[in-house]
Amino acid sequence: AVAGVTEEKLVECHGHFRSSACIKCRTSFDAELCQSTMIEQGEAPKCNSCGGSVKPDIVFFGEVMPSRFSDLVHYDVASSDLVIVLGSSLMVAPVCNIPDW
């Protein structure tokens, strides 16, 4: 749970920093090491298995949103009295379209 919200009630449409993996072979990588390497050294860490670049499990501009987002957005919006969207300017699709679903 994040901030006391269970996984079933939370959709992190842009992913999170709690896990990371190689973009080439998808081998898991220590998330804290990934974040500190990026922030403190200003570079992407390298995979111990194949030498590829490692990134946190977040969605960068132009990447596909997690399937959980597209699987649930229509149902969640239709069945909710209130949808709270945090951390977004609501200027870029598909998140900006949530109020219209």
Side-chain angles (χ1 to χ4, degrees):
V2 176
V5 178
T6 62
E7 246 183 70
E8 71 181 31
K9 297 209 179 268
L10 181 65
V11 177
E12 296 174 294
C13 62
H14 287 289
H16 52 77
F17 265 99
R18 292 186 308 280
S19 59
S20 61
C22 175
I23 61 173
K24 190 174 179 182
C25 72
R26 297 300 304 154
T27 298
S28 293
F29 191 87
D30 181 87
E32 289 182 18
L33 180 58
C34 177
Q35 187 172 2
S36 66
T37 301
M38 292 173 66
I39 293 170
E40 294 169 15
Q41 298 174 17
E43 57 188 43
K46 297 297 179 191
C47 176
N48 297 325
S49 296
C50 74
S53 295
V54 172
K55 78 174 197 69
D57 291 331
I58 58 174
V59 177
F60 290 120
F61 188 80
E63 291 182 326
V64 177
M65 300 289 268
S67 60
R68 181 168 165 76
F69 173 79
S70 54
D71 291 347
L72 297 176
V73 68
H74 296 285
Y75 172 79
D76 285 349
V77 171
S79 65
S80 299
D81 294 323
L82 174 68
V83 175
I84 300 172
V85 180
L86 299 172
S88 175
S89 64
L90 291 179
M91 300 297 288
V92 178
V95 175
C96 69
N97 297 321
I98 290 174
D100 297 326
W101 261 304

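Given the structure is predicted, the values throughout are model-derived calculations rather than measurements.
Within the structure, the side-chain hydrogen bond (donor to acceptor under 3.5 Å, both in side chains) test picks out no pair touching residues 27-38 (sequence neighbours left out).
Scanning both residues, Ala21 and Asp57, for their nearest heavy atoms gives N-OD1, 3.9 Å. What you find for Pro99 and Cys96 is that their closest heavy atoms are CD-O, 3.4 Å. Of all heavy-atom pairs between His16 and Arg18, the closest is ND1-N, 3.1 Å. Here the closest non-hydrogen pair linking Pro56 and Met38 is CD-SD, 3.5 Å. Residue Pro94 comes nearest to Trp101 through the heavy atom pair O-CZ3, 3.6 Å, listed as atom of the first residue, atom of the second, then distance.
Counting non-hydrogen atoms of neighbouring residues, nucleotides and ligands closer than 6.0 angstrom, the CG atom of Asp81 reaches no more than 12 such neighbours. Within 6.0 Å of atom CZ in Phe60, more than 12 heavy atoms from other residues, nucleotides or ligands are found, so the atom counts as buried in its surroundings.
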Could you list the donor-acceptor pairs under 3.5 angstrom formed between side-chain atoms of residues 41-54 and any protein atom two or more places apart in sequence or on another chain?
residue, atom, partner, partner atom, Å
Lys46, NZ, Ser53, OG, 3.4

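A distance-only check finds a donor-acceptor pair linking the side chain of Arg68 to the backbone of Leu10 [under 3.5 Å].
Of the candidates Asp100, Leu72, Ile98, Asn97, Ile98 is the only one forming a side-chain contact (heavy atoms from CB on, under 4.5 Å) with Val77.
By the 4.5 Å heavy-atom criterion applied to side chains, Ile58 and His14 are not counted as neighbours. Contact of the Val92 side chain with the Phe61 side chain is registered, since non-hydrogen atoms from C-beta on lie closer than 4.5 Å.
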